2 protein chains.
Amino acid sequence: MILSASSVHALRAVAWLAAHENGEAMLGRDLARQVNVPADYLSKVLATLARGGVLTASRGVKGGYRLARPASRIRLIEVVLPFEGKRAIPGCLLRPGHPCRESGACSAHPAWGRVKDAYTAFLEKTTIAQIKGGS
Amino acid sequence: MILSASSVHALRAVAWLAAHENGEAMLGRDLARQVNVPADYLSKVLATLARGGVLTASRGVKGGYRLARPASRIRLIEVVLPFEGKRAIPGCLLRPGHPCRESGACSAHPAWGRVKDAYTAFLEKTTIAQIKGGS
DNA sequence: GGTATTATGGACATACGTGTCCATAATCCA
DNA sequence: TGGATTATGGACACGTATGTCCATAATACC
């Protein structure tokens, strides 16, 4: 389904974190239980997000994870990029890896362009605050 | 990138076939060379498309592949479905496998819905004739 | 300082997509 | 009928995503 499982895990975790911020750091295992993802796997995802500057992690008692910034200033692309790699931003449909500019665009460009634009706009313009739900 | 490599191979092959129909059947190895896909791999893809009723295959001398119907009556979803499986039609973003109806839609529904609708419309409404290029 | 607690990291297992190689079946033509 | 030609199918190889398990490092609290 378009986004990899790791990306969805990451979005779910960050969105849940945004919807339940209360000053305290949230434990990795609690977060895993809440978003229904294997704890040992989610820990890798969370570490990646911390390295990417989306979350801050702290160890020891009272440790856990927090958002590095307000949810309204975290865009989906930042959450997803480490897991999607270059595949995050789609290119030409029939010629993968091809830029598919207007001049010399491939034959599928008119139909595919609408999907491509909607998708990239979704990742680049939507913030966590817009998908977090809760309140 | 959203669609699997096999799906893109299939689309490229069918589109090329549509753009170069001339009454003759096209050999699998020629098709593979034209769309730049490994011949031994494309043959599996083409067999799947034949089983799915998108192409007709014939063996022996003068054999090869043809479109089973005019390109204007082959929708992209038919070409892609055997390779994408249930993943072909996207569902809820944060709750994979969830229908995400309007009532009780997940929190990401407003933003994600636009992408989802554009994508499913692309697959279900676009025909091979619209992406085949050539003349 | 010592101990419990938490995140971090490495090694490993598994499934699947992609791709290769080769034997076999079906078809055409001489 | 026999051989050449073509699609079909099975077995295998390989990389990557996903997931599990366990040791280690960092931190807070007593």
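Remember, it's a predicted structure, so these values are computed and weren't measured experimentally. All chains are named by letter (A, B, ...) in the order of the sequence lines, taking the proteins before the strands, and each is independently numbered beginning at 1.
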- Task: Using the heavy-atom set of chain A and a strict 4.0 Å cut-off, write down the first and last nucleotide of DNA chain C that makes it in, 5' to 3'.
- Result: dT5(C) to dA11(C)
- Rounded distance in Å - CG (D30(B)) to C1' (dT6(D)): 12 Å
- Note on the structure: Across all chains, not counting sequence neighbours, the side-chain hydrogen bond (donor to acceptor under 3.5 Å, both in side chains) partners of R51(B) are T48(B)
- Message: My understanding is that only residues two or more places apart in sequence, or in another chain, count here; which of them pass side-chain hydrogen bond (donor to acceptor under 3.5 Å, both in side chains) with S58(B)?
- Response: none
- Task: Could you run through nucleotides 14-20 of chain D and give me one letter per nucleotide, 5' to 3': B if any protein heavy atom sits under 4.0 Å from the base, S if only the sugar-phosphate is that close, - if neither?
- Result: ----SBB
- Message: Return the CG to CG distance between L46(B) and L17(B), rounded to the nearest 0.5 Å.
- Response: 8.5 Å
- If you look only at pairs with a residue in residues 27-55 of chain B, which of them pass as a ring-ring contact (aromatic ring centres under 6.0 Å, His included), with sequence neighbours excluded? H9(B)-Y41(B)
- Query: Got a sec, which residues hit side-chain contact (heavy atoms from CB on, under 4.5 Å) with E21(B), two or more places apart in sequence or on another chain?
  - Reply: L67(B)
Output side-chain donor-acceptor pairs under 3.5 Å for residues 22-38 of chain B, partner residues at least two apart or in another chain, one line each.
residue	atom	partner	partner atom	Å
N22(B)	OD1	E24(B)	N	3.2
D30(B)	OD1	R33(B)	NH2	2.7

- Task: Using the test side-chain contact (heavy atoms from CB on, under 4.5 Å), find all partners of R73(A) that sit at least two apart in sequence or belong to another chain.
- Result: R69(A), P70(A)
- If the sugar-phosphate is the primed atoms plus P, OP1 and OP2 and the base is the rest, what is the B/S/- string for nucleotides 25-30 of chain D, using protein heavy atoms under 4.0 Å? BSBSS-
- Message: If the condition is side-chain contact (heavy atoms from CB on, under 4.5 Å), which residues does S43(A) pass it with, not counting sequence neighbours?
- Response: none
- With sugar-phosphate meaning primed atoms plus P, OP1 and OP2, does L46(A) contact a base, only sugar-phosphate, or nothing at under 4.0 Å between heavy atoms? nothing
- R114(B): side-chain contact (heavy atoms from CB on, under 4.5 Å) partners, not counting sequence neighbours: none
- Task: Would you please name every residue forming a salt bridge (Lys or Arg N to Asp or Glu O under 4.0 Å) with D40(B), sequence neighbours left out?
- Result: none
